[in-house]
Enquirer: 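Before I ask anything, here is the structure I am working with.
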Amino acid sequence: MKGFGTLPRSPQGHPVIVQAGDSADGRDFASANAEVIFSLHSEFEDGQRFFRDVKGRLPAVGRHPDSLKILPAATFILGDTAAEARERSREVALLQVSPQTAISFLEQLWGTDLGGYDPDGPLPETDPVLADEGVTRGRVRHVADPVAVAKSWRGLAEAEGLSIRDLVIRFAAKHTFVGTPVHVAEQINRHVQEEASDGFVIVGHTNPTGLDEFVDRVIPELQERGVYRTEYEAGATLRETLGLTQ
């Protein structure tokens with residue numbers, strides 16, 4: 001059936017198209033269709049590689065680099081000193097990754113019940129179960145070679161003295177920006193100026209007040225550097241605020 005909508009067109013023309021795929025096909029789709037990519041490439045060098053790869057695909061589909069914004073998710077922990085921020089980051093990470101969460105995370109790769117392991121002890125010496133059964137049945141594996149990944153994780157854990165929980169924190173609860181407000185503002189600005197991202201989607205570690213500290217302490221530092229707006233245009237749409245064309 002064909003028909004016509006009865007609602008008026010929105011002020012921004014059409015919704016901003018946000019995409020989060022990271023495969024080769026996902027990047028091709030984003031370059032042809034998306035206006036914002038919500039990515040996980042928040043580390044500086046990794047972000048630069050992703051930025052160059054995706055933006056480099058745009059000319060082939062007749063698009064300008066500014067027509068697609070790359071906005072990785074980013075977490076933060078602030079302190080009055082670098083040491084205080086690091087300590088707070090450790091405390092928050094331990095709250096985010098409980099012993100049960102650490103074991104559950106590892107089970108997704110190992111494909112078997114690891115409930116008998118101490119989360120504050122070493123990783124299993126056995127290799128992951130490759131059969132489509134066990135605790136991960138019904139889930140899609142996120143890695144092509146679980147055995148190879150498990151081997152690399154054991155090597156990292158042994159080299160750095162990491163427990164199961166420490167390792168999971170490293171991969172699942174590592175905070176993007178940790179430091180004083182000045183340091184965090186400088187790092188964010190570096191990412192944007194040196195093309196590792198077009199900005200960030202800042203994620204707080206608590207709700208509903210998780211962004212208050214960032215707004216109060218980091219935003220003024222960015223504004224002082226002239227890289228963050230001091231006000232929003234009245235009535236501006238999301239599309240206009242992001243600097244996207246109709």
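Treat the numbers as computed from the prediction; the structure is a model and nothing was measured.
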Enquirer: My understanding is that only residues two or more places apart in sequence, or in another chain, count here; which of them pass side-chain contact (heavy atoms from CB on, under 4.5 Å) with V203?
Expert: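 V203 satisfies side-chain contact (heavy atoms from CB on, under 4.5 Å) with A73, T75 only.
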Enquirer: Hey, could you give me the CD/CD1 distance between Q108 and I103, rounded to the nearest 0.5 Å?
Expert: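 Going from the CD atom of Q108 to the CD1 atom of I103 covers 12.0 Å.
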Enquirer: Would you say L123 and Y117 make side-chain contact, with heavy atoms under 4.5 Å?
Expert: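 A side-chain contact under 4.5 Å is absent here.
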Enquirer: Residues in side chain to side chain donor-acceptor pair (under 3.5 Å) with D28, at least two apart?
Expert: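 For D28, the residues satisfying side chain to side chain donor-acceptor pair (under 3.5 Å) (neighbours in sequence not counted) are R57.
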Enquirer: Sequence neighbours left out, what passes side chain to side chain donor-acceptor pair (under 3.5 Å) with R52? Give chain and number order.
Expert: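 Side chain to side chain donor-acceptor pair (under 3.5 Å) list for R52, sorted by chain: empty.
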Enquirer: Does anything in residues 76-86 pair up under side-chain hydrogen bond (donor to acceptor under 3.5 Å, both in side chains), and if so which pairs, sequence neighbours excluded?
Expert: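 Residue pairs passing side-chain hydrogen bond (donor to acceptor under 3.5 Å, both in side chains), neighbours aside: D80-R217.
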Enquirer: Determine the minimum heavy-atom distance between V54 and S31, stating which atoms define it.
Expert: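 Heavy atoms only, the tightest pair is O-CB, 4.5 Å.
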Enquirer: Do V147 and K151 have side-chain heavy atoms sitting under 4.5 Å apart?
Expert: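 Heavy-atom side-chain distance check fails, nothing below 4.5 Å.
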Enquirer: Are any side-chain N or O atoms of E35 and backbone N or O atoms of I17, one a donor and one an acceptor, separated by less than 3.5 Å?
Expert: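 Confirmed, E35 side chain pairs with I17 backbone.
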Enquirer: Taking D198 for its side chain and I70 for its backbone only, find out whether a donor-acceptor pair lies under 3.5 Å.
Expert: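 Looks like yes, one N/O pair under 3.5 Å.
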Enquirer: Go through the structure and list residues passing side-chain contact (heavy atoms from CB on, under 4.5 Å) with S163, not counting sequence neighbours.
Expert: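 In terms of side-chain contact (heavy atoms from CB on, under 4.5 Å), with neighbours along the sequence ignored, S163 is linked to D120, R165, D166.
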Enquirer: So do L58 and H64 actually touch side chain to side chain, heavy atoms under 4.5 Å?
Expert: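 They are not in contact (no side-chain heavy atoms under 4.5 Å apart), so the answer is no.
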Enquirer: I need the minimum non-hydrogen distance between V227 and Q193, along with the two atoms involved.
Expert: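 Looks like CG1-NE2, 3.8 Å.
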Enquirer: Main chain of H14, side chain of R9: is a donor-acceptor contact present, judged purely on distance under 3.5 Å?
Expert: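 Pair absent, no side-chain N/O of R9 close to backbone of H14.
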Enquirer: V215 and P220: which non-hydrogen atoms are nearest, and at how many Å?
Expert: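 Looking at all heavy atoms of both residues, the closest pair is O-CD, 3.3 Å.
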Enquirer: Please check this pair: side chain of K55 against backbone of P65, looking for a donor-acceptor N/O pair closer than 3.5 Å.
Expert: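 Yes; judged by distance alone, with no hydrogens or angles, the pair exists.
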Enquirer: How long is the straight-line distance from CD of E213 back to CD1 of I219, given to the nearest 0.5 Å?
Expert: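 I219 CD1 to E213 CD: 12.5 Å, rounded to 0.5 Å.
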Enquirer: Nearest heavy-atom pair of T180 and A82: which atoms, and what distance?
Expert: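 Answer, listing the atom of T180 first, then A82: CG2-N, 4.0 Å.
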Enquirer: List in chain and number order the residues that pass ring-ring contact (aromatic ring centres under 6.0 Å, His included) with H41, two or more places apart in sequence or in another chain; answer none if no residue qualifies.
Expert: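 Testing H41 for ring-ring contact (aromatic ring centres under 6.0 Å, His included), a comparison that skips the adjacent residues, returns F50.
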Enquirer: With heavy-atom distances below 4.5 Å as the criterion, would you say the side chains of Q19 and N33 are in contact?
Expert: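 Side-chain contact under 4.5 Å: no.
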Enquirer: In terms of hydrophobic clusters joined by side-chain contacts under 4.5 Å, are L114 and V97 together?
Expert: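 Hydrophobic grouping puts L114 with V97.
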Enquirer: Mind checking what makes side-chain contact (heavy atoms from CB on, under 4.5 Å) contact with A196, not counting sequence neighbours?
Expert: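 Only F44, Q48, H191 meet the side-chain contact (heavy atoms from CB on, under 4.5 Å) criterion with A196.
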Enquirer: What are the two closest non-hydrogen atoms of L68 and A30, and how far apart are they?
Expert: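 Minimum heavy-atom contact is CD2-O, 4.2 Å.
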Enquirer: If you measure from CD1 on I169 to CG on L94, what distance do you get to the nearest 0.5 Å?
Expert: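 Going from CD1 on I169 over to CG on L94, the span is 4.5 Å.
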Enquirer: Could you check E91, H205, H175 and say which one makes a side-chain hydrogen bond (donor to acceptor under 3.5 Å, both in side chains) with Q96?
Expert: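 One option only clears the test, and that one is H175.
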Enquirer: Given side chains that start at C-beta, do those of T237 and S10 come closer than 4.5 Å, heavy atoms only?
Expert: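 A side-chain contact under 4.5 Å is absent here.
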Enquirer: Please list all pairs passing the salt bridge (Lys or Arg N to Asp or Glu O under 4.0 Å) test where one or both residues lie in residues 10-24, with sequence neighbours left out.
Expert: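 Counting only pairs at least two positions apart or across chains, the salt bridge (Lys or Arg N to Asp or Glu O under 4.0 Å) contacts touching residues 10-24 are D22-R27.
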Enquirer: Sorted by first residue and then second, give each salt bridge (Lys or Arg N to Asp or Glu O under 4.0 Å) pair with at least one member in residues 222-236; sequence neighbours left out.
Expert: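 The answer is E186-R225, E221-R225.
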Enquirer: So, taking the atom named OG in S42 and the one named CG in L71, what distance separates them when rounded to the nearest 0.5 Å?
Expert: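 Result: 12.5 Å between the selected atoms.
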Enquirer: Could you check whether any side-chain heavy atom of L40 comes within less than 4.5 Å of a side-chain heavy atom of P72, counting everything from C-beta outward?
Expert: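 A side-chain contact under 4.5 Å is absent here.
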Enquirer: Applying side chain to side chain donor-acceptor pair (under 3.5 Å), can you list everything that pairs with D127, at least two apart in sequence or on another chain?
Expert: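 Partners of D127 under the side chain to side chain donor-acceptor pair (under 3.5 Å) test: R154.
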Enquirer: If I take atom CD1 from residue I164 and atom CG from residue L167, how far apart are they, to the nearest 0.5 angstrom?
Expert: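 Separation between the atoms: 8.5 Å.
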Enquirer: Would F177 and F200 satisfy ring pair (Phe, Tyr, Trp, His ring centres under 6.0 Å), going step by step from the backbone distance to the final call?
Expert: CA-CA 11 Å; F177 299 113; F200 290 94; 5.2 Å; yes
Enquirer: I'd like to check the ring-ring contact (aromatic ring centres under 6.0 Å, His included) partners of F29; sequence neighbours left out, ordered by chain and number.
Expert: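 F29 satisfies ring-ring contact (aromatic ring centres under 6.0 Å, His included) with no other residue.
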Enquirer: With no hydrogens and no angle check, is any side-chain donor or acceptor of W110 less than 3.5 Å from a backbone partner on T126?
Expert: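 Judged by distance alone, yes, a pair lies under 3.5 Å.
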Enquirer: Rounded to the nearest 0.5 Å, how far does CG of L109 lie from CZ of F171?
Expert: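 Answer rounded to 0.5 Å: 10.0 Å.
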Enquirer: With sequence neighbours left out, write down each residue that passes side-chain contact (heavy atoms from CB on, under 4.5 Å) with L211, or none if nothing qualifies.
Expert: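 F76, I202.
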